[in-house]
Amino acid sequence: MPEAASPPPLLPPPASASSPAASVLRTRRRRRAWRRPRGLLCWGALVAFFFLMNWWMFSRLQDPATRPRFRLRRHPPRATNSSLSTLEEVNATEKGKRPHPVMLTHLLALAAHALAEADNRPEPKDLWKEPINATLWKPCSDQRDWKASGNISSSEETNGYIIISANGGINQQRVAICNAVTISRLLNATLVIPKFLYSNVWLDKSQFRDIYQEDYFIKYLKPDIRIVKELPLELQSLDLEAIGSLVNDTDVMKEAKPSIYVKKILPILLKNRVVHFVGFGNRLSFDPIPFQLQRLRCRCNFHALRFVHKIQETGALLVERLHGHMPHLSPLQDNLLGHFAGKSIPSGNRNESSKYLAVHLRFEIDMVAYSMCYFGGGKDEEEELEMYRQIHFPALTEIKRTTKLPSAAFLRSEGKCPLAPEEAALMLAAIGFKRRTSIYIAGAEIYGGRHRMAAISRLYPAIVTKETLLSPSELEPFRNFSSQLAALDFIACASADAFAMTDPGSQFSSLVQGYRMYYGGGDLPTLRPNKRRLASILVKNVTIEWKEFETRVNKLIQQTKQVHERPIARSIFRHPRCPECMCRTDN
Ligand SMILES: *[C@@H]1O[C@H](CO)[C@@H](O)[C@H](O)[C@H]1NC(C)=O
Ligand SMILES: *[C@@H]1O[C@H](CO)[C@@H](O)[C@H](O)[C@H]1NC(C)=O
Ligand SMILES: *[C@@H]1O[C@H](CO)[C@@H](O)[C@H](O)[C@H]1NC(C)=O
Ligand SMILES: *[C@@H]1O[C@H](CO)[C@@H](O)[C@H](O)[C@H]1NC(C)=O
Ligand SMILES: *[C@@H]1O[C@H](CO)[C@@H](O)[C@H](O)[C@H]1NC(C)=O
Ligand SMILES: *[C@@H]1O[C@H](CO)[C@@H](O)[C@H](O)[C@H]1NC(C)=O
Ligand SMILES: *[C@@H]1O[C@H](CO)[C@@H](O)[C@H](O)[C@H]1NC(C)=O
Ligand SMILES: *[C@@H]1O[C@H](CO)[C@@H](O)[C@H](O)[C@H]1NC(C)=O
Ligand SMILES: *[C@@H]1O[C@H](CO)[C@@H](O)[C@H](O)[C@H]1NC(C)=O
């Protein structure tokens, strides 16, 4: 039933996800009226819509590792320690095309020079550090206090069963799972182990038990809610659609308040004893929500979900190879890798620990095309991206054809463009990362392939990916499973000594950032450049001196490093520094 209920993806990922924006899109496509917009008002509305889509796309577009179309290769990666092996494959698929030009060549030359000079100088003091105030926050969502609201799970009583079919990739699913846990508690319902919708865009059949330890999940949350693996037999034969137990996105709005669930869903639950949320995702508000429920949601995300042994074991291998030693047992490693962390290894193999930086370079062709930005590739690039848009984002092509949209230069100046590899490299060089820094790139199929990556790998030769760190046979069990590959990227990025986001919005980066805040003890910094301000610096690329560039970029990074409490209504998965999830120790 759940699978059948998922709509076939007519549009590519962003639009095929059954989200309100997608339905807006569909409705708009159906309505022909907006084809000939008249007057400024219409233009304004369309531009606003475009920005909305743009924002939505950055936050919802699948993370690279969950996009098998660009990720799964026909040929297995070669067993090579060349940091560019994956990029060579990209090159192979781009035969006959001219190489993509790289932007900012002048600044890149300055950066190369500066990096060579800085080799013997000490690193900036706080390069791998968070501000001191970060250490004041300690994880505490594992503490339960249900006394005030009474015990429910201890009793066998239940108002009914909640089933969810989560859409999206692994990161959206994770959010959906924890929302479902919270709603189950709210409604005194029993949760059936969440199902993941199969989409022929993401092509991953993985279900909950293929990614997370099912028994651990059930046991860990036992004091909070009752979780069962299957619906009771007598309920399995019900036609949920006919009795009105099927709930989709139209019925429950995005980020709905808990009261909506009590008002709309509880009566169905009490009447039919079962409710199935189809295409469930980001359906529960972050504020207002009772303290203990919010804490439960955090507990689910940071404590109850553990990767299966297969993922943990290979994740541990990755981290071991990145650090040059086995990850030691810390709360973070315990949660990520379980008993595969800290396994004693012969001391002969142990060597100096080395630090590494992880970068989530969200610069695949889908992101590049959707952004409508220009990346210095001339006519070739424009034609290629336009072609891609026509095939994959027809609605966008339509808007573009009928409306005057903001120019690429305007979008760039507004910070709406994903960072190209060369821009990311310049930022890292300005911050003070040495040339020999090991850099782990999550999601490696960069638009422009080898040539584009050459810019960054000339500055930073020690670039690695999971494909270069793992042998083909180690990678083989994951090959057909984009979500599981994404889990490996998650482990490598969460364990990194520093993590740089080049895409302020994606769910992957958000979850990694939150995870690092929660478990990092103030030691796992995340760099989040303000892209608008970065753009205002980069636009001076031809005239700016390296020293000034360095100073300005550092100022910008310092500002984003500040430690503050979660702003209201922001995601607790991304900003766990709030009393429900973490406790301040200074008062
Ligand atoms: C990879 O490393 C091994 C041992 O360090 C070396 O023998 C081999 O030639 C390297 N392969 C490539 C393609 O560089
Ligand atoms: C990449 O492609 C170019 C042009 O097609 C070719 O000359 C070059 O040898 C390729 N590089 C690799 C590593 O395959
Ligand atoms: C850090 O904490 C100190 C006192 O604990 C406070 O004065 C200071 O404003 C805090 N800084 C930030 C950036 O929160
Ligand atoms: C909740 O359960 C615990 C033990 O599981 C018990 O000690 C406590 O008294 C119960 N509280 C209420 C309000 O029933
Ligand atoms: C859930 O159970 C608690 C304790 O028995 C009760 O106070 C609360 O009203 C119940 N909520 C619902 C929605 O049934
Ligand atoms: C959602 O359910 C409503 C009825 O509850 C139905 O009219 C609507 O078509 C459904 N939407 C989708 C996308 O399935
Ligand atoms: C770790 O040890 C291996 C051999 O035991 C050596 O080749 C490698 O360079 C060492 N790595 C570091 C980071 O020291
Ligand atoms: C992946 O899929 C291919 C073809 O669909 C199949 O031959 C192969 O055995 C699969 N590999 C794994 C590890 O499931
Ligand atoms: C680099 O500088 C030139 C000239 O000022 C400008 O036109 C271009 O947009 C800049 N490039 C970037 C990526 O900002």
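First listed ligand is number 1; within each ligand, the first listed atom is number 1.
The shortest distance between side-chain heavy atoms of D145 and Q292 falls below 4.5 Å.
If you number the atoms of ligand 5 from 1 as listed, the ones under 4.0 Å from a heavy atom of L266 come out as 13 (C). Near N188, meaning under 4.0 Å from any of its heavy atoms, are these atoms of ligand 5: 1 (C), 2 (O), 3 (C), 8 (C), 10 (C), 11 (N), 12 (C), 14 (O). Distances below 4.0 Å separate heavy atoms of N159 from the following atoms of ligand 5: 12 (C), 14 (O).
Heavy atoms of L186 found under 4.0 angstrom from ligand 5 belong exclusively to the backbone.
By the neighbour-count criterion of 12 heavy atoms within 6.0 Å, atom CD of Q143 is densely surrounded, having more than that number from other residues, nucleotides or ligands.
Ion pairing of R297 with D224 is absent here, as no side-chain N (NZ or NE/NH1/NH2) approaches a carboxylate O to less than 4.0 Å.
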Assess whether salt bridge (charged side-chain N to carboxylate O under 4.0 Å, His left out) is satisfied between K400 and E386, documenting all intermediate values. CA-CA 10 Å; K400 199 164 170 255; E386 186 52 38; 2.9 Å; yes
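Listed by chain and number, the residues in a ring pair (Phe, Tyr, Trp, His ring centres under 6.0 Å) with Y440 amount to none (sequence neighbours excluded).
Geometrically, R174 does not engage F508 in a cation-pi contact defined by less than 6.0 Å to the ring centre and at most 45° from the axis.
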Side chains of residues 261-275: which donor-acceptor pairs under 3.5 Å do they make with residues two or more places apart or in other chains?
residue : atom : partner : partner atom : Å
Y261    : OH   : R283    : O            : 2.6
K264    : NZ   : D251    : O            : 2.7
N272    : ND2  : I243    : O            : 3.0
N272    : ND2  : S245    : OG           : 2.9

Hey, can you pull the donor-acceptor pairs under 3.5 Å for the side chains in residues 102-117, sequence neighbours left out?
none

For ligand 9, find each of its N or O atoms that sits under 3.5 Å from a protein N or O atom, and tabulate the pairs with distances to one decimal place.
residue  : atom   : partner : partner atom : Å
ligand 9 : 2 (O)  : V539    : O            : 3.4
ligand 9 : 2 (O)  : N541    : OD1          : 3.0
ligand 9 : 2 (O)  : N541    : ND2          : 2.4
ligand 9 : 5 (O)  : V539    : O            : 3.3
ligand 9 : 11 (N) : N541    : ND2          : 2.7
ligand 9 : 14 (O) : L538    : O            : 3.4

